[in-house]
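Contents: one structure, followed by commentary.
Computed from heavy atoms alone, side chains included, the values below leave out hydrogens, waters and symmetry copies.
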Amino acid sequence: MASQEKITVHNLADLKNTSDDAIPNYLNSLKFKQIHTLTDTRLALGYSAFAIAGACFAWDYKFGFESTKYYTAAAVAIYALLNAVLTYWIAYVEKGVVYQGVSPSGEKISISTSTKKNVPEYNVNISITSKNGKTETIEIKRSFTEWFDSAGHFIAPPFQTLFATSVPLIAKADPKRIEAAKPAQPSQSNFTDMDPELLDALAAGSTGAEPEASGKKSKRRKA
């Protein structure tokens, strides 16, 4: 089912951000427990820098620059330091991580995403750490057109199927999605219970032969 909200399909950032937001929604619905350590640290650094800037403005406004200039200088230094740490954290620690969590069976999962300029493909790197500490990495690269329609609506089922069929840990938590993704098996007619005269008529039609007169008893061919 497509979402009611839509984005600009030519905006790569919107495509990525909408897809990123769908990952926690999907995994949390499967009883994965999300870990917010990276996000909480980023927010703490950002809010701390903002608090320093606000305090600096407040005491300068109330007491004047001359009486607070040393405090202001210290605040500017701390502000610059916090922003440098925040930049380092985002670029080298988070590294595009959009989800960290623990599966219902106890394995840890970390998902990072990225895109390349002017390339409408979603690059996903999934790291899974088992309970004994062994780490497995899975990489996915798919076009956004697989789960966005031409109007810009996000379609959840194919997006969720992509993760369920690519990541065994997610497949284990969402077996219904795996079953839905299986191709339908062609139905086979049961010819053993069909009327013998109908079988002969079908056989005659397939070979181009004339069917036997209706008054004659047809003989069923033995296998």
Okay, side chain of D174, backbone of I170: is any donor-acceptor separation there less than 3.5 Å? no
Between T129 and K134, does a side-chain contact (heavy atoms from CB on, under 4.5 Å) hold up when you go through it step by step? CA-CA 5 Å; T129 304; K134 184 179 179 181; over 6 Å; no
Look only at the side chain of T8 and the backbone of H10, and say whether a donor-acceptor pair between them is shorter than 3.5 Å. no
Here the pair of heavy atoms bringing N118 nearest to L12 is N-CD2, 4.0 Å
Assign the ring pair F57 / Y61 to parallel, tilted or perpendicular, where the plane angle (0 to 90°) is split at 30° and 60°. parallel
Take W59 and T72, measure what side-chain contact (heavy atoms from CB on, under 4.5 Å) needs, and give me the verdict at the end. CA-CA 9 Å; W59 69 55; T72 300; 3.3 Å; yes
With a 4.5 Å limit on heavy-atom distance, are the side chains of R42 and L86 in contact? yes
Provide the closest heavy-atom pair for A49 versus N83 in the form atom of the first, atom of the second, distance. CB-ND2, 3.8 Å
Distance (rounded to the nearest 0.5 Å) between D149 CG and I155 CD1: 4.5 Å
Side-chain H-bond candidate by donor/acceptor type, T113 with D20, under 3.5 Å: yes
To check you understand the geometry: which heavy-atom pair defines the closest contact between A75 and I52, and what is its length? O-CG2, 3.3 Å
Between P24 and Q34, which heavy-atom pair has the shortest distance, and what is it? CB-OE1, 3.9 Å
Side-chain contact test, heavy atoms from C-beta onward, threshold under 4.5 Å: evaluate it for R177 versus P157 and give yes or no. yes
Quick one: which of V167, T137, L169, I23 gives a side-chain contact (heavy atoms from CB on, under 4.5 Å) with I126? V167
Begin from the C-alpha positions of E107 and K172 and carry the test salt bridge (charged side-chain N to carboxylate O under 4.0 Å, His left out) through to its verdict. CA-CA 12 Å; E107 295 88 350; K172 183 167 65 174; 3.7 Å; yes
Between F148 and H153, is a side-chain contact (heavy atoms from CB on, under 4.5 Å) present by the stated rule, with each step listed? CA-CA 5 Å; F148 283 96; H153 296 104; over 6 Å; no
Give the ring-plane orientation class for F159 versus Y122, where under 30° counts as parallel, over 60° as perpendicular and anything between as tilted. tilted
How long is the straight-line distance from CG of D21 back to CZ of F154, given to the nearest 0.5 Å? 9.5 Å
For I138 and P168, the nearest pair of non-hydrogen atoms, with its separation, is CD1-CD, 3.9 Å
Could you check whether any side-chain heavy atom of C56 comes within less than 4.5 Å of a side-chain heavy atom of Y71, counting everything from C-beta outward? no
For F32 and Y99, take the angle between the two ring planes, folded into 0 to 90°, and tell me which bin it lands in: parallel under 30, tilted 30 to 60, perpendicular over 60. perpendicular
Just wondering, are more than 12 heavy atoms of other shown residues or ligands nearer than 6.0 Å to OH in Y79? no
When rounded to the nearest 0.5 angstrom, what is the spacing between CD in E94 and OG1 in T37? 11.0 Å
Test salt bridge (Lys or Arg N to Asp or Glu O under 4.0 Å) applied to K33 - qualifying residues, sequence neighbours left out: none
Sub-4.5 Å side-chain heavy-atom contact between P158 and E146: no
Assess whether side-chain hydrogen bond (donor to acceptor under 3.5 Å, both in side chains) is satisfied between H36 and D40, documenting all intermediate values. CA-CA 6 Å; H36 299 279; D40 290 344; 5.4 Å; no
I'd like to know if the side chain of D14 and the backbone of I7 have a donor-acceptor N/O pair within less than 3.5 Å. no
Nearest 0.5 Å please: distance from the NZ atom of K108 over to the CD1 atom of I35. 6.0 Å
Backbone N/O of L15 and side chain of T18: donor-acceptor pair under 3.5 Å: no
Heavy-atom closest contact (S48 atom, A44 atom, distance): OG-O, 2.6 Å
Side-chain heavy atoms of T145 within contact of P120, under 4.5 Å: no
Point-to-point distance, once rounded to the nearest 0.5 Å, from OG of S112 to CG of L38: 11.0 Å
Full working for side-chain contact (heavy atoms from CB on, under 4.5 Å) between V9 and F144: CA-CA 9 Å; V9 293; F144 286 106; over 6 Å; no
Quick one: OG on S19 to CZ on R142, what's the gap to the nearest 0.5 Å? 13.0 Å
Taking the side chain as everything from C-beta on, heavy atoms only, tell me whether W147 gets closer than 4.5 Å to T161. no
